[in-house]
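Report on one structure; see the data block that follows.
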Amino acid sequence: QVQLVESGGGSVQAGGSLRLSCAASGTTYSNACSACMGWFRQAPGKEREGVAAIERDGSTTYVDSVTGRFTVSKDNAKNILYLQMNSLKPEDTGMYYCAADSWVALSLRPYRYNSWGQGTQVTVSS
């Protein structure tokens, strides 16, 4: 299983920026795509939702609410996934999780991922 460790969360005011990182290690013995990774978030009392995903060739996809504000990228040499978040809004508040080893590339559906990090908290105040 792939091990994932997130960092970079914090508290910011609306309009601010944060960059999340996710360090990946280990291997997968499944037939899923270990290089297919994504960012998810979960607000209190809400379901976990997909924010952004990236495929091994660098293709990306985003949920509509963050398009134009968030950018997902990956340093393949260091095996680190990033999420640059700009123009943050209070509704972006939540625990952000990194996920890897997806059965479907560019998926924003949590159930398609086999490996998860512990999460990093993002709080945006108005």
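In this structure, Asn114 contributes its side chain and Asp101 its backbone to a donor-acceptor pair below 3.5 Å. The backbone N or O of Lys89 lies less than 3.5 Å from a partner atom in the side chain of Asp92, making a donor-acceptor pair. No side-chain donor-acceptor contact under 3.5 Å links Tyr62 to the backbone of Gly50. With hydrogens and angles ignored, the 3.5 Å screen pairs a side-chain donor or acceptor of Thr93 with a backbone N or O of Val124. No donor-acceptor pair closer than 3.5 Å links the side chain of Ser107 to the backbone N or O of Trp103.
Of all heavy-atom pairs between Leu108 and Val63, the closest is CD1-N, 3.8 Å. Between Met95 and Gly119, the shortest heavy-atom distance links the atoms SD-C, 3.7 Å. In this structure, Asp75 and Ala77 approach most closely via the heavy-atom pair OD1-N, 3.1 Å. Between Ser17 and Asn86 the shortest heavy-atom distance is OG-OD1, 3.0 Å. Residues Ala24 and Val2 share a closest heavy-atom pair of CB-CG1, 4.2 Å. Taking every heavy atom of both residues into account, Ala53 and Tyr113 meet most closely at CB-OH, 3.8 Å.
Considering CD of Gln121 and OG of Ser11, their distance stands at 7.5 Å, rounded to 0.5 Å. Rounded to the nearest 0.5 Å, atoms CD1 (Ile80) and CG (Leu4) are 12.0 Å apart. Summarising the geometry, atom OH belonging to Tyr96 is positioned 9.0 Å from atom CG belonging to Leu18; distances are rounded to the nearest 0.5 Å.
Residues Ile54 and Leu81 meet the side-chain proximity criterion, which asks for heavy atoms closer than 4.5 Å. For the pair Glu6 and Trp39, the minimum side-chain heavy-atom distance is below 4.5 Å. Looking at Tyr82 and Val72, their side chains never come closer than 4.5 Å, going by heavy atoms from C-beta outward. For the pair Tyr97 and Arg48, the minimum side-chain heavy-atom distance is below 4.5 Å. At a threshold of 4.5 Å between non-hydrogen side-chain atoms, the residues Arg41 and Glu49 count as touching. Considering only heavy atoms from C-beta on, Met37 comes within 4.5 Å of Lys74 through its side chain. Looking at Met85 and Val51, their side chains never come closer than 4.5 Å, going by heavy atoms from C-beta outward. Looking at heavy atoms from C-beta onward, Leu20 lies in side-chain contact with Val122 at the 4.5 angstrom threshold.
When the shell of 6.0 Å around CZ of Arg69 is examined, it contains more than 12 heavy atoms from other residues, nucleotides or ligands.
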Assess whether side-chain contact (heavy atoms from CB on, under 4.5 Å) is satisfied between Cys22 and Val5, documenting all intermediate values.
CA-CA 5 Å; Cys22 172; Val5 179; over 6 Å; no
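You'll find the ring centres of Trp116 and Phe40 inside the 6.0 Å limit.
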